[in-house]
Amino acid sequence: MTSRTHDTSDQESIGLSADAVWLRRLRRSIISWYSRHGRDLPWRDERDAYRVWIREIMLQQTTVTAVIPYLQRFMQRFPTLIELAHADEAEVLHAWEGLGYYSRARNLHRTARLLLSEHDGEFPRDAEGLQSLPGIGRYTAGAIASFAFGARAPIVEANTLRLYTRLLGYRHSPKTSRGQTMLWEFASRILPTQAPGQFNQALMDLGAVVCTAENPSCTSGCPLTSQCRAFATGEQHLIPLQATRPAIESTIEAAVVVRDGDRFLIHQRPQGVRWAGLWDFPRYTQGSDRVPDESLSPREINRLWNDAERSFSDEWNLKITFNRKVTEIVHHVTRYRIRLVCFLADVTDHQRRSTVAPVESREHAWVRATHFEEYAMPVSGRKLAKLIASEMYSPSEERASQRKKRSASKKAGRDLTRS
DNA sequence: TACTCGTGGCT
DNA sequence: TAGCCAAGAGT
């Protein structure tokens, strides 16, 4: 087999990787590189299973930079498994607010309780046992087993996936079951008997620092250049093969800010929906027959205004009337770009007397803007909460509000206040 | 298998 | 800027 082979079979990849001499040389190069250039991460050589677990869950699909401050706060708030297990889920979600992928936090909490109730508060010491726990998949199981318990457990994640596929010149999709089988097989073969945890860390560091997604440092610092098939054929920019991502869709939502005196209505999102368990202002998605990326026309604002008023009144059994449009927030969630148009409605004495009983099954609260901080919210909800807290209570509230309205109207060449 | 689940940084 | 990317897991 030569580097000119264009349809490298998996067996050929594995066959090459199985060459003991080649593997030993690879390992030596990686270990040597790691000793000199490994990242100085705050958790380097951390072996406490609880701390490794929390950190690995946080790092799922999340950058090191984003994780560090959250990890510090989380460990202060929940220093041990016992404290995490004894906390309310709401507290855990609150500590997670802003990190995203909130099922990670819910599974973390579930697993803490499970470990305490059924495992004497101890982690399984092997990858298989770890993988049976909620939120712990194949990668995380291997990471905990090797980092905390020194088990010879392989790992495949974003960094190592890039490294392995390039090293082996794997031209097929690494996401298929065939690709996954090949990758885990190679991960297992390359892993040494001695200090597998450190070696796994070395693999990830090499992927993160040298074998990067964009502009990998093949000729300026990679210890594996001479053994890398992708480099030999100049394909390092083509490997790994990209999966096609679903297209981004634009949608429009209305957020309803209901004010009763100095309190605002928020509700807890139910299980099974996005941001489950987090608190938010009531929001409604408009039919997506037309979803422009640009600002909305006055006609579209009016339609949204009317629809949201009706939806809210039906759902909460509270007939409200919007005072004005407060703001628009554009944010991204998964494959959606959402234009969130926020309306303000004041509850009048008459309305309060007639129908204030919201739907019984829905957790809700009337909260002063100064207390929004106590509730875990999605980032877009938090942005709105901050805006309310800063604008609604500032001494120049009316003036600021008027000024904003005028400038917004002027800019868009329309009147959004609907007299 | 393909899709969902979040967010922020980078180019 | 619009898309890509980041120590994946669950369904």
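These numbers were taken from a predicted model, which means no experiment stands behind them. Letters A, B, ... mirror the listed sequences (proteins, then strands); counts begin at 1.
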Could you please name the option among [options] that lies closest to any side-chain atom of [X]?
{"X": "A:Gln60", "options": "C:dG3, C:dG8, B:dT4", "result": "C:dG8"}
{"X": "A:Ala158", "options": "B:dT1, C:dA9, C:dA6", "result": "C:dA6"}
{"X": "A:Thr140", "options": "C:dG8, C:dA7, B:dT7", "result": "C:dG8"}
{"X": "A:Tyr101", "options": "B:dT4, B:dC5, C:dA7", "result": "B:dC5"}
{"X": "A:Thr334", "options": "B:dC5, C:dG10, C:dA7", "result": "B:dC5"}
{"X": "A:Gln201", "options": "C:dA7, C:dA9, B:dT1", "result": "C:dA7"}
{"X": "A:Glu214", "options": "C:dC5, C:dA7, C:dA6", "result": "C:dC5"}
{"X": "A:Asn159", "options": "B:dT7, B:dG6, C:dA7", "result": "C:dA7"}

Checklist entry - Is any side-chain heavy atom of A:Trp366 less than 4.5 Å from a side-chain heavy atom of A:His364? => result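 Of all side-chain heavy-atom pairs linking A:His364 with A:Trp366, at least one is under 4.5 Å.
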
Calculate the interatomic distance between [X] atom [atom1] and [N] atom [atom2]; express it in whole Å.
{"X": "A:Asn107", "N": "B:dT4", "atom1": "CG", "atom2": "C1'", "result": "14 Å"}
{"X": "A:Arg274", "N": "B:dT4", "atom1": "CZ", "atom2": "P", "result": "9 Å"}
{"X": "A:Ile248", "N": "B:dT7", "atom1": "CD1", "atom2": "C1'", "result": "13 Å"}
{"X": "A:Glu249", "N": "B:dT4", "atom1": "CD", "atom2": "P", "result": "9 Å"}
{"X": "A:Ile329", "N": "B:dT7", "atom1": "CD1", "atom2": "P", "result": "12 Å"}
{"X": "A:Asn215", "N": "C:dC4", "atom1": "CG", "atom2": "P", "result": "16 Å"}
{"X": "A:Glu56", "N": "C:dA6", "atom1": "CD", "atom2": "P", "result": "16 Å"}
{"X": "A:Leu59", "N": "C:dA7", "atom1": "CG", "atom2": "C1'", "result": "5 Å"}

Roughly how far apart, to the nearest Å, are [N] and [M] at atom [atom1]?
{"N": "B:dC5", "M": "C:dA7", "atom1": "P", "answer": "23 Å"}
{"N": "B:dT4", "M": "C:dC4", "atom1": "P", "answer": "16 Å"}
{"N": "C:dA9", "M": "B:dG8", "atom1": "P", "answer": "22 Å"}

What contact category does [X] fall into here, base, sugar-phosphate, or nothing, at under 4.0 angstrom with non-hydrogen atoms?
{"X": "A:Arg245", "result": "base"}
{"X": "A:Leu41", "result": "base"}
{"X": "A:Trp43", "result": "base"}
{"X": "A:Ala213", "result": "sugar-phosphate"}

Next on the checklist: Reading DNA chain B from 5' onward, which residue's closest nucleotide shows up sooner: A:Gly98 or A:Ser177?
Outcome noted: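 Between the two, 5'-proximity favours A:Ser177.
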
Item to check | Given DNA chain B, 5'-ward residue of the pair A:Ala66 and A:Tyr336, judged by closest heavy atom | outcome: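 Looking at the nearest nucleotide for each, A:Tyr336 comes out on the 5' side.
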
Checklist entry - Would you call A:Glu46-A:Arg55 a salt bridge at under 4.0 Å N-O? => result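 No, A:Glu46 and A:Arg55 are not salt-bridged.
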
Item to check | Sidechain N-carboxylate O distance under 4.0 Å for A:Glu89, A:Arg106 | outcome: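 Result for this pair is no, no salt bridge flagged.
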
Respond yes when some side-chain nitrogen or oxygen of [X] is under 4.0 Å from OP1 or OP2 of [N], and no when none is.
{"X": "A:Arg335", "N": "B:dT4", "value": "yes"}
{"X": "A:Tyr102", "N": "B:dT7", "value": "yes"}
{"X": "A:Thr160", "N": "C:dA7", "value": "no"}
{"X": "A:Trp275", "N": "B:dT7", "value": "yes"}
{"X": "A:Gln61", "N": "C:dG8", "value": "yes"}

Next on the checklist: Heavy-atom nearest nucleotide on DNA chain C for A:Ile136 versus A:Val64: which residue maps closer to 5'?
Outcome noted: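 Nearest-nucleotide comparison on DNA chain C picks A:Val64.
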
Checklist entry - Should A:Glu249 and A:Arg337 be marked as a salt bridge (Lys or Arg N to Asp or Glu O under 4.0 Å) after you check the CA-CA gap, both sets of side-chain angles, and the distance that decides it? => result CA-CA 6 Å; A:Glu249 257 182 59; A:Arg337 173 172 44 242; over 6 Å; no

Checklist entry - On a plain distance test, is the side chain of A:Arg39 in donor-acceptor contact with the base of C:dA7 below 3.5 Å? => result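 Pair found.
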
Checklist entry - Does A:Arg73 make a cation-pi contact with A:Tyr70 (under 6.0 Å, within 45 degrees of the axis)? => result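 So A:Arg73 does make the cation-pi contact.
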
Next on the checklist: In terms of relative ring orientation, are A:Phe264 and A:Phe372 parallel, tilted or perpendicular, with 30° and 60° separating the classes?
Outcome noted: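 Judged by the thresholds at 30° and 60°, the geometry between A:Phe264 and A:Phe372 is tilted.
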
Checklist entry - Does CG belonging to A:Leu238 count more than 12 external heavy atoms closer than 6.0 Å? => result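 Yes.
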
